[in-house]
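To start, the structure itself, in structure tokens.
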Protein chains: 2
Amino acid sequence: MNLCGALDHIRLAQLLALGGQRQWDKRQILFREGDPMGSFFKITQGVVAVSRTLDDGRRQIVALRAPGDCLGYLHIGGNYAFQGEALTDVEACAFDRRKFDAFVQLHPDLASALAEALSVALTQTGRNMLVMGKLWAIERVASFLCEISELYGARRVSVTPLTLYFKRGEIADYLGLTIETVSRAFSQLKKRNVIALIESDTVAILDGERLSEIGKFKSGVKRTEP
Amino acid sequence: MNLCGALDHIRLAQLLALGGQRQWDKRQILFREGDPMGSFFKITQGVVAVSRTLDDGRRQIVALRAPGDCLGYLHIGGNYAFQGEALTDVEACAFDRRKFDAFVQLHPDLASALAEALSVALTQTGRNMLVMGKLWAIERVASFLCEISELYGARRVSVTPLTLYFKRGEIADYLGLTIETVSRAFSQLKKRNVIALIESDTVAILDGERLSEIGKFKSGVKRTEP
DNA sequence: CGCGGCATTGACATTGATCAAAAGCTGTGG
DNA sequence: CCACAGCTTTTGATCAATGTCAATGCCGCG
């Protein structure tokens with residue numbers, strides 16, 4: 001979720017004063033599911049995966065967060081409802097939740113912005129449920145590539161070629177598949193000349209039209225010049 | 001989502017004056033995905049399924065809404081992001097979205113309540129993604145029964161025995177399964193004496209402990225006296 | 001009574017998971 | 001710089017879970 005829109009520079013500065021900029025290395029945990037909630041975070045650099053894990057170790061990544069997004073906001077009885085893990089090196093501003101809530105009390109329109117950001121996140125999540133519930137493996141992977149391409153394109157990260165910052169296992173945990181199935185889906189898409197692999201991590205989208213058809217993805221996805 | 005909490009009676013009355021009580025029959029559509037958004041709704045009676053459908057007809061139910069909940073709030077470019085369909089006869093209060101937004105401007109704490117309600121919905125959705133992404137068919141069905149039991153228990157509907165108001169096809173569309181798989185899961189749970197079927201629609205939970213174990217469902221589920 | 005919708009069950013097909021092996025890459029230390 | 005260890009990805013072989021297709025039965029309603 002993203003609540004930049006409603007913040008003018010002055011209040012953004014005030015808000016930033018509530019929290020400190022912090023950094024995490026790739027693969028570090030920003031916050032753990034079940035831990036008492038302290039701060040939430042607004043990403044300035046990098047990509048974070050938000051996940052839940054069952055007792056037996058099965059993990060589901062429920063959202064991706066990129067620069068501008070907030071995360072670590074949701075709680076169950078005062079404990080983090082999810083885990084946040086850095087997929088890249090990450091910089092984020094950490095806000096003490098209580099101070100933030102107090103700040104929101106003083107700036108009512110911020111609450112509206114918050115509601116708006118949450119609405120967008122909830123809408124996005126609805127699409128992800130459709131993807132996980134109804135699409136075949138190759139469709140899910142195609143959808144994922146479209147989503148990442150759009151997310152990174154909208155936020156910053158260069159998209160030509162497209163570096164995912166996801167390992168196969170993370171894609172699997174995001175899409176409700178296994179590593180092997182994700183790998184095979186990539187191979188399929190290669191064979192059909194829809195994508196090419198630059199590195200295991202980095203993709204050239206050869207036929208964005210086709211990719212978004214396969215992924216049932218509405219908005220346009222640009223072709224990556226190889 | 002539910003924003004009763006923040007509303008005292010006086011303001012609730014004012015708010016209600018913004019919208020009119022309306023009724024729908026079972027299986028009627030409250031609003032369609034893609035239609036221009038007019039009102040959103042606060043349910044007073046009945047159960048509604050919120051869904052998205054692909055062009056080829058595959059449908060995913062992304063949320064259930066019961067009395068006290070709001071729905072029809074999410075939009076993409078001013079059009080409903082989802083469809084709302086009555087699973088039972090439904091009564092709801094319809095609020096013109098623009099009037100509501102204006103009202104929220106005048107009552108800032110309502111915006112906070114809205115954000116809180118959206119947060120709860122988003123947290124719930126996270127769990128559903130875990131269910132769909134990682135659980136086996138029988139686990140999903142068990143999880144569904146726990147969820148329904150808790151939802152109805154918390155809101156109103158009698159829970160002994162538990163009437164679902166879902167057809168098999170709707171359960172399937174909620175859990176990312178097929179009718180037949182859902183039916184087989186019910187049969188399994190019957191065979192294991194975890195549940196009994198009163199009617200195809202109505203279940204007695206014989207062993208809630210076991211059911212919530214199977215469904216990986218945290219909070220307690222009461223036993224239904226048969 | 002007979003029709004239509006829904007649920008159940010069985011037989012079979014297919015997808016995706018699991019198990020296993022091999023190849024590629026990365027970083028470390030000699 | 002090379003060799004080796006550890007990790008990740010790919011690919012193949014097989015298995016299991018779930019989807020698909022079809023038949024049957026149940027139930028409510030005209």
Side-chain angles (χ1 to χ4, degrees), chain A residues 25-27 49 54 56-60 85 87-89 131-145 163-192 195-204 214, chain B residues 25-27 49 54 56-60 85 87-88 131-145 163-192 195-204 214-215:
Chain A
D25 294 336
K26 199 166 166 164
R27 311 291 158 209
L54 291 170
D56 59 18
R58 286 178 278 180
R59 178 178 73 150
Q60 179 67 39
E85 180 182 348
L87 294 183
T88 62
D89 290 349
V131 167
M132 295 223 316
K134 296 297 154 176
L135 297 195
W136 304 119
I138 194 171
E139 296 174 322
R140 294 191 213 181
V141 171
S143 169
F144 167 77
L145 291 172
T163 297
L164 305 174
Y165 305 118
F166 278 68
K167 292 195 280 199
R168 296 287 179 274
E170 290 157 344
I171 300 175
D173 283 347
Y174 184 53
L175 297 176
L177 299 170
T178 61
I179 291 177
E180 295 92 330
T181 302
V182 172
S183 182
R184 284 183 237 271
F186 271 94
S187 300
Q188 273 294 318
L189 292 170
K190 268 193 299 184
K191 203 163 69 182
R192 299 190 200 175
I195 64 169
L197 275 190
I198 312 292
E199 300 180 53
S200 77
D201 207 30
T202 304
V203 173
I214 297 172
Chain B
D25 293 337
K26 198 167 168 161
R27 310 293 157 206
L54 289 170
D56 59 19
R58 286 179 277 181
R59 178 177 72 150
Q60 179 66 41
E85 179 181 348
L87 295 183
T88 61
V131 168
M132 295 224 315
K134 297 296 154 178
L135 298 194
W136 303 119
I138 194 170
E139 295 174 321
R140 294 191 213 181
V141 170
S143 170
F144 168 76
L145 291 173
T163 297
L164 305 175
Y165 304 118
F166 278 68
K167 292 194 281 199
R168 294 289 179 271
E170 289 156 345
I171 300 175
D173 283 347
Y174 184 53
L175 297 175
L177 299 169
T178 59
I179 291 176
E180 293 92 333
T181 302
V182 172
S183 183
R184 284 183 237 272
F186 270 95
S187 300
Q188 272 295 317
L189 292 170
K190 268 192 300 184
K191 203 164 66 182
R192 299 191 200 173
I195 63 169
L197 276 190
I198 312 292
E199 300 180 53
S200 74
D201 207 26
T202 304
V203 173
I214 296 173

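Residue numbers begin at 1 in each chain, while the letters A, B, ... track the order of the sequences.
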task = Between protein and nucleotides 5-11 of chain C, map the contacts as a letter string: B base, S sugar-phosphate only, - none, heavy atoms under 4.0 Å, written 5' to 3'.
result = -SSBBBB
request  = Rounded to the nearest 0.5 Å, what's the gap from CD on B:Q60 to CG on B:D173? Could you check?
outcome  =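 The CG atom of B:D173 is 7.0 Å from CD of B:Q60, to the nearest 0.5 Å.
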request  = Check the distance between C:dG16's C1' and A:E139's CD and give it to me in whole angstrom.
outcome  =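 For the pair A:E139 CD and C:dG16 C1', the rounded distance is 14 Å.
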task = Between A:L177 and A:E199, name the one whose nearest nucleotide on DNA chain C is closer to the 5' end.
result =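 Going by which nucleotide is closer to the 5' end, it is A:L177.
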ask   = Which class fits the ring pair B:F144 and B:F166: parallel under 30°, tilted 30 to 60°, perpendicular over 60°?
value =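 If you compare the ring of B:F144 with that of B:F166, the planes turn out perpendicular.
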With the side chain counted from C-beta on, respond yes when [X] and [Y] share a heavy-atom pair under 4.5 Å apart, and no when they do not.
X      : Y      : result
B:L87  : B:K26  : no
B:I138 : B:R192 : yes
A:L135 : B:L54  : yes

Bounds of contact between DNA chain D and chain B, in 5' to 3' order, using a heavy-atom cut-off under 4.0 Å =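 Answer, 5' to 3': D:dA17 to D:dC21.
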message = If the condition is side-chain contact (heavy atoms from CB on, under 4.5 Å), which residues does B:E180 pass it with, not counting sequence neighbours?
response =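 Per chain and number, B:E180 pairs via side-chain contact (heavy atoms from CB on, under 4.5 Å) with B:T178, B:R184.
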ask   = How far apart are the closest heavy atoms of B:A137 and B:A185, and which atoms are they?
value =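 Scanning both residues, the minimum pair turns out to be O-CB, 4.5 Å.
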task = Let me see the working for A:T202 and A:L197 under side chain to side chain contact (heavy atoms under 4.5 Å, CB included), right down to the final yes or no.
result = CA-CA 6 Å; A:T202 304; A:L197 275 190; over 6 Å; no
